[in-house]
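Below: one structure, written as C-alpha cells.
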Amino acid sequence: MVKAMGKIKDNGLIQDEPLIFEQGGEGRKGYSLPEWDVEELEAKQFIPLHLLREGLDGFPQLSEIDVVRHFTRLSQWNYGIDSGFYPLGSCTMKYNPKINEEAARMKGFASIHPYQPESLVQGILRLMYELEGYLAEITGMDHVTLQPAAGAHGELTGMMMIRAFFEGRGEKRRRALVPDTAHGTNCSTSAVASYQMTEIKSNERGVISPRKVAEQMDENVAAIMVTNPNTLGLFEEHLPEIAEIVHSKGGFVYCDGANLNALMGIAKLGDLGVDMVHLNLHKTFSTPHGGGGPGSGPLAVKKELSPFLPIPVIEKEEGGYRFNDNRPRSIGRMKAFYGNFGVILRAYAYLLSMGAEGLKRASEMAVLNANYLMMGLKGSYYLPYDRPCMHECVFTDRYQEKHHVSTLDIAKRLIDYGYHPPTIYFPLVVKGALMMEPTETESKEGIDRFIETMIVIAKEAEENPDLLRQAPRKVKVRRLDEVMAARKPKLKWTGDREDNNQ
Ligand SMILES: *Cc1c(COP(=O)(O)O)cnc(C)c1O
C-alpha cells in the first residue's frame, strides 16, 4: 500500500517536500559500521539509568540520501544573496567574496578551541589585535573591543561603559537623548541600560538640528545616541555642532555606525565629535545581516573611555600577544571567550583584500547605486525626503494608497517577480515606508531590472490592484496570516500536518 504523505503537485523540478517527521522508516540509518570485533555492551551497563531515555517518540529515522535530499531541496526554496538582488534596507545584504569564506574554513582557524593556551593561539590573537587596529583607523577612534555579538549588544556595551564612567566619578546621570530617526535598538538599549529616554524630533530635512538637542541637553544627560547615516538613509550633517553641545554639558556622543557601508574610507566618525561607535561586521564587513547567522558588533571608543572596555583586552607586548584581565575599571565580560571569531575572521580577510582604496570605492559605489535607484523610482513612488541619500533610500505607498494598495502588497508582489522584498514599515517615522538598499555589489543592469519591475508593479497597482492584493501567487506559500501567526503561534509539532499548516 502506498501511503500518501500530502498532496502531490506538478511543480516541475521544484518538488514538494514533506516534513522530515513524515519521512523515513523504522530502523533506517544514515551510517553503516563494520561488525564489532569487541564485546557488545548495553548502554545501561555503563550509563546511570536515570540518564537514559527509553526512546524518542516520533523521531525520524532516515538514510543518508533521505537527509541530504531533504535539506538540499529546502535550501533550493530559499532566497539568498547568491540567488539574486536582495534590497533589504538597513541589512546590507551585499555579495561577499567567497575567498573570505574559504579563509574562515581553513583548518587552523576552524579547529581552534577557546581554551587553548595563549602560547598556541598567537596568530589568532594577532589577527584580532590587528583587526581592532584597522577598525579604530576606519572610525577615527582609539580602542576597539570585538566582544559584542551583534549591533544591539555593542550599543549595550557602550552605554554600560558610559554609566561606569559617570558612576566612577560619583555622578548619577539618568537621561539619554535619542532622535526619532535612530534605529529602534537605540531606544531599547538606553532603556535596558536604565536611562530615561527623551526623543529628539528630526527636522523637515530628515536630520536632527542642533537647536533641538540644545533644548533638551542638561547635566543629567549621559549621552545622545545618534544613528549615522540615520534610518532615513540620510547623513546627520550637524553632528560636529551637536557633539559640541553635548560635550559642553559633560555628556557623550554615542554613534550607531551599523550602516558604515556609506562612510568607510570617506568620513571618520571620531573626527565628527563621536566618542564611541559600534559597527556591524555582519553588514558592512563580509557577513550578511538578514541571513540569520551569528553576528559581531565591535565597539570603538575614544581614549577617555578605554579603561571601561570589557575584559579581557588583547595587548601586544614583547614576545607576543596576551589577554589582559586585570583592568579594575572594566565593566566586566560581555560575552563568553572573545566574540564570534568566524565573523571577525571574515572581516579581517575582507579588509586585507579590499585595502583602504577598495573600502572607499565600496562606499562610493554603495551611495551611487542607492541614488541611482532613488532617481529611477522617483515619480512612480512617493519620496518623502527628496534629497541625495547615502547607502539606502526610503519611499512610501502614498501614490498607491488611492488604489487601496499598501506597502505590504507591493512587497509581496515583488516576490512573484523573483525578488526579495525591501524592508517595509521601517523607519517608523515614515508612514508605509519601503526602505531599499541596493549595495555596492549590484551591477547597473541588475538595478535597472529592479527599477523596471517596481515601475511595472506601480502600473499594476493602478490597473489591476488585485494582482498585488493577492500576491504572492507564484510561490509555495501564499500570503500568510501574520496577525494570527503572531497572536497564536504554534510552536510545537503536533504530528498532524493539517493542524500545523493552518
Ligand atoms: C542593524 C542595525 C542595528 C542592530 O544590529 P543587530 O546586529 O541586529 O543587533 C542597530 N542599528 C542600526 C542602524 C542597524 O542598521
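Note that ligands are numbered from 1 as they come in the structure, with each ligand's atoms numbered from 1 the same way.
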Quiz item: Has ligand 1 got any nitrogen or oxygen that is less than 3.5 angstrom from a nitrogen or oxygen of His289?
Solution: yes
Quiz item: Quick one: does Gly295 get within less than 4.0 Å of ligand 1, heavy atoms only?
Solution: no
Quiz item: With only distance considered, is His278 within less than 3.5 Å of ligand 1 through an N or O on each side?
Solution: no
Quiz item: To the nearest 0.5 Å, how far apart are OG in Ser286 and CZ in Arg346?
Solution: 7.5 Å
Self-check item: Nearest-neighbour protein heavy atom for atom 2 (C) of ligand 1, which is reported as residue plus atom name and distance
Solution: Lys283 NZ, 2.4 Å
Quiz item: ligand 1 versus Asn259, non-hydrogen atoms closer than 4.0 Å: side chain, backbone, both, neither?
Solution: side chain
Quiz prompt | Per-atom contacts of ligand 1 with Ala152, taking only distances under 4.0 Å to non-hydrogen atoms | solution = 5 (O), 6 (P), 9 (O)
Practice problem: Name the orientation class of the two ring planes belonging to Tyr338 and Phe323 (parallel below 30°, tilted from 30 to 60°, perpendicular beyond 60°). | Solution: tilted
Quiz item: Can the ring centres of Phe252 and Phe165 be said to be less than 6.0 Å apart?
Solution: yes
Practice problem: Could you establish whether His153 and ligand 1 come within less than 4.0 Å of each other, counting only heavy atoms on the residue side? | Solution: no
Quiz item: Which atoms of ligand 1 sit under 4.0 Å from any heavy atom of Ala150?
Solution: 7 (O), 9 (O)
Quiz item: Is there a ring-ring contact (aromatic ring centres under 6.0 Å, His included) between His289 and Tyr86 once you walk through the steps?
Solution: CA-CA 11 Å; His289 178 267; Tyr86 205 132; over 10 Å; no
Quiz item: Taking N or O atoms only and a 3.5 Å limit, does Asp256 qualify as a polar contact for ligand 1?
Solution: yes
Quiz item: Going by the order shown, which atoms of ligand 1 are within less than 4.0 Å of some heavy atom of Ala258?
Solution: 2 (C), 11 (N), 12 (C), 13 (C), 14 (C), 15 (O)
